[in-house]
Amino acid sequence: MLIKRRSLLKGMVAAPAAFALGGALDATGALANPAPLPKPSLLNVTYPTKTDFDLVPEDKAAGQTATWAALITALKRTLPSSTVDDVLNSANRYGVGGLPDTPPTMTHWLWQDGDNRDPYWYPQGLTTSADHAGTGKYNGREVQLASWYSKHTVNKGVRVSFVDMTDPARPAYRHVLLVEPTGSTLTPDFDPIKIHAGGIMWYGDLLYVVDTNSGIRIFDMRDLLKITAPGDETKIGRQPDGTFQAHNYAYVLPQSAAYSSVVRNQQQQVLYSWISLDRTSVPDSIVIGEFLETPQRASRLFKWDIDYQTRRLKETNGVAHPSFAAVVDIDRMQGGTCINGKFYITRSNTNNAPGNLLTWTPGSLVQYPINLPPYPEDVSYDGTKDWLWCHTESENSRQVFALKASQI
């Protein structure tokens, strides 16, 4: 174990609908008595050379002649284009919100029962319309997106839930399948994307999805496509009659670009375990962290700057280098983000134990006296409300919740 857990005060998850705090708020409204976790490796942070880590933009799959963009154009000759609003307006599932909360928890909601206890789809990434735009909304709506990875015998890849939060007591949502364009421009096709999708980030029209061992995949919301054939859960892609199937999902979002990870000078390959947006940096940047469960090496945190005009990563000579890289040696980081230079991190524990909430700045790691629900995942910050969103993956207790960042 790289970091010894501080003994949490009493308070466990009482029910799937809520979680208990292990500490009280002080006179300023912040959690009282957070505990620093001193450790030599934290007090002597190392900063690897940033140019040792490349994200190289890609426009097609290895071995493919046609670009993803060209294949998407070809798919649009057969499949109708759709929009985020189309998906939201066709919601066919409803969560349960309007549940009691205790500060610093501001709100939380549960997935519809079938998704809450589904043993074949596991939620991972989370992003909101506050990442999409600084106003916090998409076309006047508060929206959340959540990624799920397949655990089916026949891997169905990754789906993303598009959640309309207009009525927080009854979040309305629909799942969309992520696909990778394949085939040729004459006979375009698509396949499921069989990755963990441990984190997602929605910025403008682009959805960033981390691919743990490879880098980042990019999807453009303007490429949403409607499946018009009657659904079949067993089929995917182009069928012999020229129609398309998507494991019975009504919409697909095809990959349009990617960033491949390259390391130099004997650096360990980066694990793209999760991603978030930092709107408090100048310019805006993505935050990447590594999940490491065993102490084979120290984990790291990275940031890459974003070009606001293109919504893509800033490049130098065709390569994106991180603007920040640090060896932090924190184990089991499931999600995180950065707010005004301070990193907020969720950490999981084994045996269904409550999760931890940590903050990190160079030389200081603090664990807060609060019990998160077991197995917290990705994190997204809504600066319009000062809410830190997170969600959990455990069957029968999957919830999406928000903490007041200023009370942490």
Can a donor-acceptor pair be found between the side chains of [X] and [Y] at a distance below 3.5 Å?
X      : Y      : answer
Ser276 : Tyr381 : no
Glu290 : Ser273 : no
Gln245 : Asp232 : no
Arg174 : Ser90  : yes
Asp164 : Thr166 : yes
Thr128 : Asp131 : no
Asp378 : His391 : no
Asn139 : Asp85  : yes
Trp109 : Gln144 : yes
Trp111 : Gln399 : no
Ser261 : Gln269 : yes
Thr212 : His196 : no
Asp284 : Tyr203 : yes

How are the rings of His175 and Tyr249 set relative to one another: parallel (under 30°), tilted (30 to 60°) or perpendicular (over 60°)?
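Perpendicular.
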Does the side chain to side chain donor-acceptor pair (under 3.5 Å) test come out yes or no for Thr359 and Tyr368, once each step is laid out?
CA-CA 8 Å; Thr359 59; Tyr368 287 83; 3.3 Å; yes
Compute the centroid of each ring, for [X] and then for [Y], and state whether the two points are separated by less than 6.0 Å.
X      : Y      : answer
Tyr259 : Trp304 : no
Tyr272 : Tyr208 : no
Phe53  : Phe302 : yes
Phe244 : Phe190 : yes

Does Arg217 qualify as a cation-pi partner of Phe219, given the criterion of NZ or CZ under 6.0 Å from the six-membered ring centre and within 45 degrees of its axis?
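No, Arg217 does not sit over the ring of Phe219.
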For the side chain of Ser281 and the backbone of Pro283, is there at least one donor-acceptor N/O pair under 3.5 Å apart?
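Yes; judged by distance alone, with no hydrogens or angles, the pair exists.
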Would you say Ile195 and Val158 make side-chain contact, with heavy atoms under 4.5 Å?
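Ile195 reaches Val158 side chain to side chain.
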Do Asp305 and Ser323 pass the side chain to side chain donor-acceptor pair (under 3.5 Å) test, and can you show the C-alpha distance, the side-chain angles, and the key distance before you say yes or no?
CA-CA 6 Å; Asp305 290 341; Ser323 55; 3.1 Å; yes
